Amino acid sequence: MKKIVLFSIFLILGLVCSQTLPSLLDGYDTLKPGFDILLYICLAYIMINVGREFELDKSRWRSYTADYFIAMATAAAPWLLICFYYIWLLPDGSFGNWAAWKETLLLSRFAAPTSAGILFTMLAGAGLKHTWVYGKTRVLAIFDDLDTILLMIPLQIFMIGMKWQLGVVVLIIFLCLWIGWKYLNRFNMPQSWSSILGYSVILVFAFQGLYVLSKSLFGTDAAIHIEVLLPAFVLGMIIKPNHTESRIEESVSTTISYLFMFLVGMSAPLFVGVDFASETGGSVIASVGTMGWGEIAMHVGVVTLLSNIGKMVPMLFYRDRSLIERLALSIGMFTRGEVGAGIIFVSIGYGLGGPLLAISLLSLLLNLILTGIFVVIVKWLVSRNLNEA
């Protein structure tokens with residue numbers, strides 16, 4: 001519970017700094033690129049660790065098919081519910097505007113992934129590690145993280161447009177996927193926190209270097225931009241898992257996650273005291289106009305509710321298990337965290353802004369605050385099921 005509270009506090013601190021430092025600190029704009037690089041490194045570190053959790057028996061791949069499609073539906077339902085809600089909030093005529101759709105499809109994707117790292121830690125801490133709910137949640141959470149990352153491919157295609165550089169991006173992405181599948185859990189690489197941090201730095205500078213080089217050769221609009229999410233996840237996949245983690249390793253990983261949440265908040269563009277109706281910055285969704293804090297709070301509540309209703313998809317499946325177990329499984333999937341925050345950061349990188357971005361960040365924050373309650377409910381449901389068995 002302490003970890004969830006601190007995640008929330010660091011995200012709030014980052015949000016406060018993003019709205020106050022630009023006016024208080026001279027030269028803030030010159031520091032921001034450094035903050036962004038540090039955020040990418042933290043994101044790569046987190047995604048490598050998520051990939052390290054990805055274990056499956058390739059000889060039994062068919063047995064995972066149903067789980068993957070259930071996880072895909074569990075990720076898609078909240079995403080689409082929030083996407084339609086955001087479109088409804090936009091001015092009249094947005095329903096037929098493709099630019100509005102592609103922006104809302106990207107931004108609302110933050111609600112799709114379950115935070116595997118937070119969820120596994122809290123469920124294990126609640127004494128549920130040997131239950132069916134824990135085992136199945138572990139599979140679904142990893143799969144819906146993977147599905148979220150894969151769906152970023154067409155979403156980024158929508159944002160970039162059909163250009164020859166797109167072929168390079170797709171080629172690199174499919175090469176990553178092929179490497180991940182062929183060499184899954186194959187390489188016995190160093191897995192200390194310093195090694196993983198080193199891998200993260202190399203990945204970030206490699207792909208940022210590709211972006212800077214292509215930008216200098218072809219211009220900003222034709223630059224080759226590959227997000228670090230998938231390459232970092234695949235690198236984690238191919239590392240042979242080592243489940244012995246020292247207290248120092250755990251502390252460093254937790255600290256990096258705290259820093260990541262702070263930097264995500266820091267990366268938010270100004271949304272306090274800004275007239276979005278006149279300053280769209282090229283973002284269609286910013287045309288929603290200015291909202292008061294009361295209105296924003298209402299929408300945060302609705303978005304949070306919709307995102308968690310969407311996560312109830314597993315209740316429709318696994319009919320060989322009791323209704324209580326399926327409900328516990330679904331509520332366990334409510335947990336959000338670093339991967340969703342990473343999607344919001346990617347959205348910011350494409351110039352998306354306005355009140356909808358603030359609503360997304362605050363909804364993510366609210367879900368983080370509620371995570372402890374979700375885990376308590378899951379534990380109570382599992383205990384009740386055992387007592388009724």
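Scope of the values below: all heavy atoms of this structure, side chains included, with no hydrogens, waters or symmetry mates. Worth saying up front: this structure is predicted, and the values here are computed from it rather than measured.
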I'd like to know whether CH2 of Trp193 has more than 12 heavy-atom contacts from other residues, nucleotides or ligands below 6.0 angstrom. no
Ignoring hydrogens, what is the shortest heavy-atom contact between Ala232 and Ala44? Give both atom names and the distance. CB-O, 3.6 Å
Trp88, CH2: over 12 other non-hydrogen atoms inside 6.0 angstrom: no
Sequence neighbours excluded, the answer for side chain to side chain donor-acceptor pair (under 3.5 Å) partners of Ser192 is Ser194, Ser195
Return a table of donor-acceptor pairs under 3.5 angstrom between the side chains of residues 314-322 and protein atoms on other chains or two or more places apart.
from, atom 1, to, atom 2, distance (Å)
Tyr318, OH, Asp67, OD1, 2.6
Arg319, NE, Leu316, O, 3.2
Arg321, NE, Glu325, OE1, 3.3
Arg321, NH2, Glu325, OE2, 3.0
Ser322, OG, Glu325, N, 3.2
Ser322, OG, Glu325, OE1, 3.4
Ser322, OG, Asn385, OD1, 2.7

Atom pair CG (Leu356) and CD1 (Ile82), whose distance is rounded to the nearest 0.5 Å: 11.0 Å
Between the CG atom in Leu184 and the NZ atom in Lys240, the distance rounded to the nearest 0.5 Å is 12.5 Å
Side chain to side chain contact (heavy atoms under 4.5 Å, CB included) with Ile256: which residues, sequence neighbours excluded? Cys42, Tyr45, Leu197, Val252
Could you note down all residue pairs passing side chain to side chain donor-acceptor pair (under 3.5 Å) where residues 177-190 supplies at least one of them, sequence neighbours left out? none
Might you confirm whether atom CG of Leu24 has over 12 heavy atoms from other residues, nucleotides or ligands at distances under 6.0 Å? yes
Pick one: which of Thr335, Thr304, Asn308 meets side chain to side chain donor-acceptor pair (under 3.5 Å) with Asn367? Asn308
Those residues at least two apart in sequence (or on a different chain) that pass side chain to side chain contact (heavy atoms under 4.5 Å, CB included) with Val201 are Ile41, Phe205
For the residue pair Met333 and Thr114, what are the closest heavy atoms and their distance? O-OG1, 3.0 Å
Of all residues at least two apart in sequence or in a different chain, which pass the side chain to side chain contact (heavy atoms under 4.5 Å, CB included) check with Ile87? Leu90, Phe95, Ala100, Trp101, Thr104
Report whether Leu21 and Phe10 are members of the same hydrophobic cluster (ILVMFWY, side-chain heavy atoms less than 4.5 Å apart, transitive linking). yes
Linking I/L/V/M/F/W/Y whenever any side-chain heavy atoms sit under 4.5 Å apart, do Met298 and Leu364 land together? no
Value rounded to 0.5 Å, distance of SG in Cys17 from CZ in Phe262: 4.0 Å
May I ask you to decide if Ile359's main-chain N or O and Ser363's side chain share a donor-acceptor pair within less than 3.5 Å? no
